[in-house]
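Input: a single structure, listed below in structure tokens.
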Amino acid sequence: MRGTTRLRPVPLLAGVAALLLALLVSVLLGAADLGWTRVLAELGAQLTGGHSPLSEREAAILWRLRVPRAVLGALVGAALAVSGAAFQGVFRNPLADPYLLGAASGAGLAVTLVITVLPGAAGVPGAAQAAAFAGALGGVATTWLLGRAAGGGAATLVLAGVAVGAFLSAGQTFLQQLRLESLQQVYMWILGRLSTAGWGDVLLVLPLLVVSGGVLWACARLLDVLGTGDEEAASLGVHPGRVRAVVLLAASLATAAAVSVAGLIGFVGLVVPHLVRLAFGGGNRIVVPLSLLFGGAFLVLADVLARSVLAPAELPIGVITAFTGAPFFALLLHRSRRA
Amino acid sequence: MAHRPDHEDAMLGFRRLPALLLTVLALLLAGTACATRTPSPAPEAPVEDPAAAFPAQIALDGQEPITLPQQPKHIVSLSPTATESLYAIGAGDQVEAADRSSSFPADAPRTELNALSSDAATVAGHDPDLVIAPDGAGKLVEGLRELEIPVLVTPAATSLDDAYAQIETLGQATGHSRQARDVTARMRADIAKIVADTPKAPEPLTYFHELSPDFYTATSRSFIGDVYGLFGLRNIADDAEGEYPQLAQERIVQADPDLIFLADSKCCGATADAVAARPGWNTLTAVRERRVVTLDEDVAGRWGPRVVDLVRAVADSVSRAQRP
């Protein structure tokens, strides 16, 4: 890790540029062959009020499917990466990820419950999303209560997360066994997807991410203080318990928002903060905001691959994030160690 | 001149002798024949003795053959398609237990068994002399073979011919070969008639067959694709690899199918209205022309005798699509 602790303009601009570039690529490319020059012309026409070169159907593909999908990818990637950064900061553990405290298993159980026990509800638009959101928060809340009952502290909380996660996953498996015909549905949801993304999903996630991302960014300096140790932090006037609670609540909210619309996309929350740390320095005032930007860019590009590699078929985006993120991460890690 | 007639008569008499003899002989033979036939009853069609067909070696293409020493009387069916077929060929009485997905016919003895989750001991508890399992139940099949219980593995059919072959193999395995052949002959005839009666579109109609609301579908290389192929329909997913790919939504909208078939209404609440409400889907011909067809998933997902109902549903949609 480098010694810098403040976010400088160049990394911030690099993050913004990466996100904008990823969004542009995502809008230009896709399974439907609209022609990137025509898409550029359409973008120009929309900006200048000129004549649209696209047919009604092509315009629908671009504005109602591709653009919201790109935007949602950016929001989900940002949410997962920033919450990963926050979890790693709170627990001072580089292996912490957004699902550490039972968010994934809580969401998994809740969605499986809807699919298996209330199959009628599964068809209601938004039911699975609402269940995932509530389940993710419920998983974290259970972990939090269990951790507090066991005496609090970061290590206890992680152990409580492991126990709660295992218990909720067992519940999910039990329900799946009761209705094996729902296996495929649950499996597809768990793999994570942006295939059905629309503006409605964007509107669901955006306010939650603005609030939670804003809180995490604002708490980044306090996380740095917390990194010096609880006693040291207390002597500097920071209440470690409160900071931890606020950060974990905000990160869990961001995770739940992402999970509710995109399922369980792995690797983003673990890898992106690491990549940012390796590239730009280790302070949370750098890692938290840059994770937002680069997490968004990473997932948008992963989604471009997910819907282009096997076009007209799709690949689950979780497969892409693992395939692309893991080797890249290993390479950077190797280089940083050699340096 | 008077002699002439005599002579002629004599000559005629001489000539008539063999004819008379032959006639007498023929009458005698006919009389003898009648004498032997008349008392016996009219012969019946040969009665099939199911037990006589055993021991039998039964094999589906690409599967390990199994030996059945005698006609099975206690069958456990872990495949809903097999359950439907067994009842259709008259082997329903031999079905001891069916898995929990065997929803048809209604009187099939459904149990909590499941090919993917049940273990060999639980299945063996039904004391089967034949188990019919779908492909993919590897561990269970291994366990049953360890227990020396014959298991007939029935992989998913990829064509109508596959489906017919499976029904006929089930006929062999249960001692109902003739009924199974009758069933498949009837299926072939019914399907041929439905197809022949369905008007052909001047240009091939295109279609999308939806398996899940996140756009998993079936290509022409699948069983269901074979059914649509009967009507010359063109599958918009055929550029994708495999039998059951997940299609990119924007590609579906761009392909603008003439017909959309939903095989995900029971599981996932897909309806014509829900499809019309998806972003961008209101631009599709199938949506605008009200050609979004909800299929019974249990019929569309199996390859048993009820495939005729599926063919009929597709035929209706194709016919409706061509009405002005």
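Source: prediction; values computed, not measured. Note on naming: letters A, B, ... go to the chains in the order of the sequence lines (proteins, then strands), and numbering restarts at 1 for each one.
Only the side chain of B:Asn282 has a heavy atom closer than 4.5 Å to any heavy atom of chain A. Only the side chain of B:Asn114 comes within less than 4.5 Å of a heavy atom in chain A; its backbone stays farther off. If you measure heavy-atom distances from A:Leu310 to chain B, you find no contacts under 4.5 Å at all. For chain A, no part of B:Glu241 is nearby; none of its heavy atoms comes within less than 4.5 Å. At a 4.5 Å heavy-atom cutoff, B:Ile236 makes no contact with chain A through either its backbone or its side chain. If you measure heavy-atom distances from B:Ser212 to chain A, the contacts under 4.5 Å come from the side chain alone. For A:Leu178, the part lying near chain B is the backbone, with the side chain staying farther off; criterion is any non-hydrogen pair under 4.5 Å.
Relative to the ring axis of B:Phe104, B:Arg306 places its NZ or CZ within 45° and under 6.0 Å from the centre.
Across every non-hydrogen atom of B:Arg251 and A:Pro312, the tightest pair is CG-CB, 3.2 Å. The shortest heavy-atom contact between A:Ser83 and A:Leu80 is OG-O, 3.1 Å. Between B:Val95 and B:Leu86, the shortest heavy-atom distance links the atoms CG2-CD1, 3.8 Å. Nearest heavy atoms, B:Ala237 versus B:Thr217: CB-CG2, 3.6 Å.
Between the side chain of A:Arg307 and the main chain of A:Leu29, a donor-acceptor pair closer than 3.5 Å is present.
Of all the listed residues (B:Pro213, B:Ala248, B:Gly280, B:Ala240), the one sharing the greatest number of non-hydrogen pairs under 4.5 Å with chain A is B:Ala248. Among A:Pro68, A:Ala311, A:Ala60, A:Ser195, the residue with the largest count of heavy-atom pairs under 4.5 Å with chain B is A:Ser195. The candidate with the highest count of non-hydrogen atom pairs below 4.5 Å against chain A, out of B:Ala274, B:Ser101, B:Pro279, is B:Pro279.
Aromatic ring centres of B:Phe215 and B:Phe208: separated by at least 6.0 Å.
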